[in-house]
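Only one structure is covered here, and it is reproduced in the block below.
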Amino acid sequence: MNDLFEVTPGKRRLCASVLGMEAIVVALSTPVAIKINHVSAPVAVTVGIGLAVLCVVVTGMLKRSFAYIAGTVLQILAIATGFLVPVMFFLGVIFALLWITAIFVAHRVEGATKR
């Protein structure tokens, strides 16, 4: 189980892909929150763009094992943005599943190639 927290190039690539796409989706939820759900602009920008920036920052830190914990926290925050834009409950869960899948698939594939 300790190998699951090992940082490998494949795991970094897969998780970076998930966080990169998530940053785009979360950032694009900002105008939706403002125009359709009538969330105040400062709140929507702080949450949407702030979370997108955090996704990019964590992507840059994926060389360190603690970044995967931070990425998991980001998944919870992405789901919580559903309180501003309800469809983000669904999209947040999808990204959380992609995040978990990226970690386990990379672990499994790279574990098989070590043998």
Side-chain angles (χ1 to χ4, degrees):
M1 190 71 174
N2 284 339
D3 289 342
L4 188 61
F5 297 107
E6 180 183 357
V7 178
T8 59
K11 186 185 293 186
R12 280 187 10 225
R13 265 186 246 114
L14 283 173
C15 290
S17 298
V18 171
L19 287 176
M21 287 192 230
E22 186 172 12
I24 293 168
V25 170
V26 172
L28 289 174
S29 73
T30 302
V32 173
I34 295 168
K35 290 291 183 184
I36 296 177
N37 295 340
H38 308 293
V39 176
S40 70
V43 171
V45 169
T46 301
V47 172
I49 303 301
L51 192 55
V53 168
L54 285 175
C55 285
V56 172
V57 169
V58 171
T59 299
M61 297 186 327
L62 287 175
K63 293 180 182 179
R64 297 177 181 91
S65 58
F66 71 85
Y68 295 88
I69 296 168
T72 303
V73 171
L74 285 177
Q75 303 313 311
I76 295 166
L77 293 174
I79 294 169
T81 60
F83 290 109
L84 299 179
V85 180
V87 74
M88 285 303 294
F89 283 124
F90 173 73
L91 292 174
V93 168
I94 294 297
F95 276 109
L97 291 174
L98 287 171
W99 177 257
I100 293 166
T101 302
I103 291 172
F104 282 101
V105 165
H107 173 71
R108 184 171 226 187
V109 168
E110 290 177 342
T113 59
K114 286 182 182 178
R115 291 182 214 160

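Both backbone and side-chain heavy atoms feed into the values below; hydrogens, waters and symmetry mates do not.
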Cluster companions of Val56 among Ile, Leu, Val, Met, Phe, Trp, Tyr (side-chain spacing under 4.5 Å): none

Applying ring pair (Phe, Tyr, Trp, His ring centres under 6.0 Å), can you list everything that pairs with Phe89, at least two apart in sequence or on another chain? Phe83

Expected list for residues 19-39: side-chain donor-acceptor pairs under 3.5 angstrom, two or more places apart:
unit_1, atom_1, unit_2, atom_2, d
Glu22, OE1, Gln75, NE2, 2.9
Ser29, OG, Val26, O, 2.6
Thr30, OG1, Ala27, O, 3.1
Asn37, ND2, Leu84, O, 2.9

Hey, any chance Val93 and Ile100 share a hydrophobic cluster, counting ILVMFWY side chains that come within less than 4.5 Å of each other, even indirectly? no

Quick one: pull up CZ in Phe104 and NZ in Lys11 and give me the separation to the nearest 0.5 Å. 9.0 Å

Intermediate values then yes/no, side-chain contact (heavy atoms from CB on, under 4.5 Å), Thr81 and Leu77: CA-CA 6 Å; Thr81 60; Leu77 293 174; 5.9 Å; no

Does Val105 share a hydrophobic cluster with Leu97, counting links as ILVMFWY side-chain heavy atoms below 4.5 Å and allowing steps through other members? no

So, taking the atom named CH2 in Trp99 and the one named CD1 in Ile76, what distance separates them when rounded to the nearest 0.5 Å? 11.5 Å

On a heavy-atom basis, which atom in Ile79 and which in Ala96 lie closest, and how many Å separate them? CD1-CB, 4.2 Å

Minimal heavy-atom distance between Cys15 and Tyr68, with the atoms involved, is SG-CE2, 3.7 Å

Partners of Thr46 by side-chain hydrogen bond (donor to acceptor under 3.5 Å, both in side chains), sequence neighbours excluded? none

Closest heavy-atom pair and its distance - Arg64, Val7: C-CG2, 3.9 Å

Quick one: which residue pairs count as a side chain to side chain donor-acceptor pair (under 3.5 Å) with a foot in residues 49-59, not counting sequence neighbours? none

Partners of Phe90 by ring pair (Phe, Tyr, Trp, His ring centres under 6.0 Å), sequence neighbours excluded? none

Nearest-0.5 Å distance, CG of residue Leu74 to CD1 of residue Ile69: 12.5 Å

Count I, L, V, M, F, W, Y as connected when their side-chain heavy atoms are under 4.5 Å apart, and connections chain through other members. Are Ile103 and Val73 then in the same cluster? yes

